[in-house]
Every structure is written in structure tokens, then in C-alpha cells.
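Here's the structure, in C-alpha cells; my notes come after.
Quick note: residue numbers are just sequence positions, from 1. Nothing here was measured: the structure is a model prediction, and the numbers come from that model.
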Amino acid sequence: MAKKINMGKITESRVEEGLAIRDRLVIELLVHVLDEQLVVERHILQERLNNLVDLSSYDEELKDTVRALIMKL
């Protein structure tokens, strides 16, 4: 069962940092998907990226910014 995705809030001062993290996470996930020859739909991609953000050690403000940027994908 899918968990509720936190929509996050963009903090203007953290956008560049958040975009860099989001891009790195997307690349990591795509490499894994291609390696496993899986098909991923947008909502699943967003959920998996949010899971990676939840597991990260970033501060909460940055996590919120990255989540909001992920939802804009």
C-alpha cells in the first residue's frame, strides 16, 4: 500500500541545493530502473524519490524543498 506523499514547501534559499539533490536522486533511481529493466510510472518515481529523501540525513527544511521539487517533476 502506498504511503501518503509529503508535498513539501520550497524554501527559496535552498532551491539550488535542492535541485542538485533531486537531480542526483533521479539519476540514481533511473540507473537502478534501467539496470533492473523496470518500467516506472511518474507517481511511482515520485514516491520512490520521496522515500530516498526520507532516508537521507538532510535537515527538514532541505527535505521539504527537495520533496516540493520532486512533486514538480
Side-chain angles (χ1 to χ4, degrees):
M1 177 177 280
K3 71 176 191 171
K4 182 182 173 203
I5 295 178
N6 183 341
M7 296 298 281
K9 178 184 126 202
I10 295 177
T11 304
E12 291 300 319
S13 62
R14 308 295 296 268
V15 170
E16 289 301 316
E17 189 177 7
L19 286 170
I21 291 168
R22 181 200 66 184
D23 292 347
R24 190 173 65 244
L25 291 172
V26 168
I27 291 168
E28 267 181 50
L29 190 56
L30 290 176
V31 166
H32 174 72
V33 166
L34 291 172
D35 185 48
E36 298 291 324
Q37 298 179 351
L38 301 172
V39 175
V40 177
E41 296 175 11
R42 181 184 309 235
H43 69 279
I44 294 171
L45 175 67
Q46 289 172 332
E47 181 180 339
R48 290 183 72 179
L49 288 171
N50 275 304
N51 290 342
L52 291 173
V53 171
D54 290 342
L55 294 172
S56 71
S57 60
Y58 306 122
D59 62 78
E60 286 304 314
E61 180 182 68
L62 183 54
K63 283 183 179 183
D64 273 351
T65 299
V66 173
R67 284 186 195 110
L69 292 168
I70 289 169
M71 295 312 293
K72 286 187 161 197
L73 285 176

Completion exercise
Across all chains, not counting sequence neighbours, the side chain to side chain contact (heavy atoms under 4.5 Å, CB included) partners of Glu16 are Leu19
Handout entry: Those residues that, when tested against Asp59, pass side chain to side chain contact (heavy atoms under 4.5 Å, CB included) (two or more places apart)
Key = Arg14, Glu61, Leu62
Practice task
Please answer: with hydrophobic residues joined when any side-chain heavy atoms are less than 4.5 Å apart, are Leu69 and Val53 in the same cluster?
Solution key: no
Handout entry: Shared hydrophobic cluster for Val66 and Val15 (ILVMFWY, side-chain gaps under 4.5 Å)
Key = no
Practice task
Please round to the nearest 0.5 Å and tell me the distance separating atom CG of Asn50 and atom CG of Leu25.
Solution key: 9.5 Å
Practice task
Could you tell me which non-hydrogen atom of Arg24 sits nearest to which non-hydrogen atom of Tyr58, and how far apart they are?
Solution key: NH2-OH, 2.6 Å
Problem - Atom of Gln46, atom of Ile70 and distance for their closest heavy-atom approach - result: NE2-O, 3.5 Å
Problem - Expected output: side-chain Thr11 to main-chain Thr65 donor-acceptor under 3.5 Å - result: no
Handout entry: Verdict with supporting geometry, Arg67 and Asp54, side-chain contact (heavy atoms from CB on, under 4.5 Å)
Key = CA-CA 9 Å; Arg67 284 186 195 110; Asp54 290 342; 2.8 Å; yes
Could you pull out every donor-acceptor pair under 3.5 Å between side chains of residues 27-39 and any protein atom, sequence neighbours left out?
none

